[in-house]
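The structure under discussion appears below in the form of structure tokens.
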Amino acid sequence: MAVSTGTSPMLSMEEVAKHNKKEDCWVVLYGKAYDLTKFARVHPGGAKLIYDAAGKDATAVFDPIHPRDIMDKLLKPSLTMGVVDEATIKPEHVAQPEAKKPAPKKPVRKAETEGEDETVVEFVKPPLAAMLNTFDFESVAKETMEPQAWGYYSSGGDDEITLRDNHLAFQRIVMRPRVLVNVRDIDMTTSFLGVPASLPLYFTATALAKLAHPDGELAIVRAAKKAGVPYMLPTLSSYTLDEMLQAKQPGQEVFSQLYVNPERSRTQEYVNKLESAGVRALFITVDAPQLGRREKDMRNKFTQQGSDVQGDDEEEGEVDRSQGATRAISSYIDPALCWEDIPWFQSITKMKILLKGIQCGEDAVCAFKLGLHGCVLSNHGGRQLDTCRPGIEVLPEVMEALKEAGATKEAFSVFVDGGIRRGADIFKAVALGAAAVGVGRPVLYSLASYGERGIVRMVHMLQDELLMVMRLSGTPNVASLTPQHCITRNLGDHIVPQPQDYLVQKTYMPLLPAAKL
């Protein structure tokens, strides 16, 4: 018999244990019982993990990756069945995580000397001081991360053409330096959205950072402060919003990214919490009404689980367990979100509102005319619509359209993310009109490789590179970067001969068909 405690009924564990079937699946997490019957079918770890915990307390299984509040953020309130009386939970009611098998040693490179047979050399992680560029961190992360985590972070949409072109597009912009400029002192500091930064860069939102390192987003918050750049807190984090905010240092400014929930009360509650915590700006993700097909992640998910994990369910057509870690949340992102909803967001918060995921000039102008504070030119890291343009390629079109619409850089800030790997990439984006650039994967890869220290070193390397590029280009400060310092004639041409980019080629892991796995 359920007893009411305020607005939530108090449940005994015996009651929860009755709901232990696929068609009636309740799971207890952090003292609350949730109906996960429908969610199980799209769970990124596979339905079996949910079904194995049906009618049980699965907190110990859930906690290593997920934040305490993710169900409250994503599920409809009606799926929270009540609070469980802790005194009624017995040992047999608690689901235990599988014992972790020691990871096999990874052979990663083949060494061959003349006259000798080829031998496999075990990977040895180099010291942090050996990292000279962002690709170094990526190569180390590939060897140290769990395969499922690497597949989730590194994958792109469909054929991954846009994923690769995000970086290659910067190579289609060439430098036009000026000489005999006094560049003894270089000042790369700036501010955007009222927040000072040590260089025109911020850490953009990325989901589930615990997949990279146990400290997850907490390490990113701390590293952002040390590096002197803002961090955009993710909606789909591994730590709760409260935990991320508590990791902030006095005076540290943060932004926040928002996935809009179909249950608007959930969204309003989250936005109110952000504003009360002093978050400076809200970036609404608008390029994900459905999540893209990220086949590396999907393939990895399938092979990790093996062919017999949920065989019966697959034969009955109930479970699509090949979808990987990326498509499970699509049921909780509102595909009906449209321009008519923008006034509602403006009515519920005084935070600066920007749209993340703009990909053409017309939409940037719409955002400006609605009174928003800016936009991010982004294709979601090449993870959504394949063969769409990189943000840097869209930038000149957007800046021209905004100029014609009467927008100023002070009134409407434009940001770019996707493919930024060098200080020169930051220079080019800012010269062409961006207020700053966002980096995502470099943060995760440096975190996975060396923790918080790795992130700070990664930013310092970008600072060193940007300082060099600014000095050699004759630009002593950020305000002196102009479109005249870059030639973009070939930016939109995708068939021009490209120089070989060995750092990318030797780090990039190609997609493989099933027969080659």
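This one's a predicted model, so the numbers in the text were calculated from it and none came from an experiment.
- When side chains are defined from C-beta on, E160 counts as touching S155, because their heavy atoms get closer than 4.5 Å.
- Interatomic distance, NZ of K226 versus CD of E452, reported as 3.5 Å (0.5 Å rounding).
- For the pair Y445/T507, no side-chain contact is recorded, criterion being any heavy-atom separation below 4.5 Å from C-beta on.
- Between F283 and F255, the ring planes are tilted. Angles from 30° to 60° get that label.
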**OP:** Test F368 against C375 for side-chain contact (heavy atoms from CB on, under 4.5 Å), laying out the working first.
**Re:** CA-CA 9 Å; F368 166 65; C375 65; over 6 Å; no
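- Y231 does not carry R222 over the face of its six-membered ring by the limits of under 6.0 Å from the centre and within 45° of the normal.
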Original post:
Given R266 and D334, is the salt bridge (charged side-chain N to carboxylate O under 4.0 Å, His left out) satisfied, shown in steps?
Top reply: CA-CA 12 Å; R266 292 286 201 207; D334 191 358; over 6 Å; no
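- Taking the ring axis of Y450 as reference, the NZ or CZ atom of K125 stays within 45° of it and closer than 6.0 Å to the ring centre.
- Each of K248, K352, R280, K225 was checked for a salt bridge (Lys or Arg N to Asp or Glu O under 4.0 Å) with E253, and the lone residue meeting it is R280.
- Atom CZ of R264 is surrounded by more than 12 heavy atoms from other residues, nucleotides or ligands within 6.0 Å.
- When side chains are defined from C-beta on, Y152 does not count as touching L444, because their heavy atoms never get closer than 4.5 Å.
- A ring-centre distance under 6.0 Å is not found for H167 and Y508.
- Rounded to the nearest 0.5 Å, atoms CD (Q384) and CG (N379) are 9.0 Å apart.
- With respect to R421, the side-chain contact (heavy atoms from CB on, under 4.5 Å) criterion is satisfied by exactly one of V504, V439, T134: T134.
- Using a distance-only test at 3.5 Å, with no hydrogens or angles considered, no donor-acceptor pair links the side chain of T488 to the main chain of I173.
- With hydrogens and angles disregarded, a donor-acceptor distance shorter than 3.5 Å links the side chain of S198 to the backbone of A227.
- Between V443 and T204 the shortest side-chain heavy-atom distance does not fall below 4.5 Å.
- No side-chain donor-acceptor contact under 3.5 Å links Q359 to the backbone of R389.
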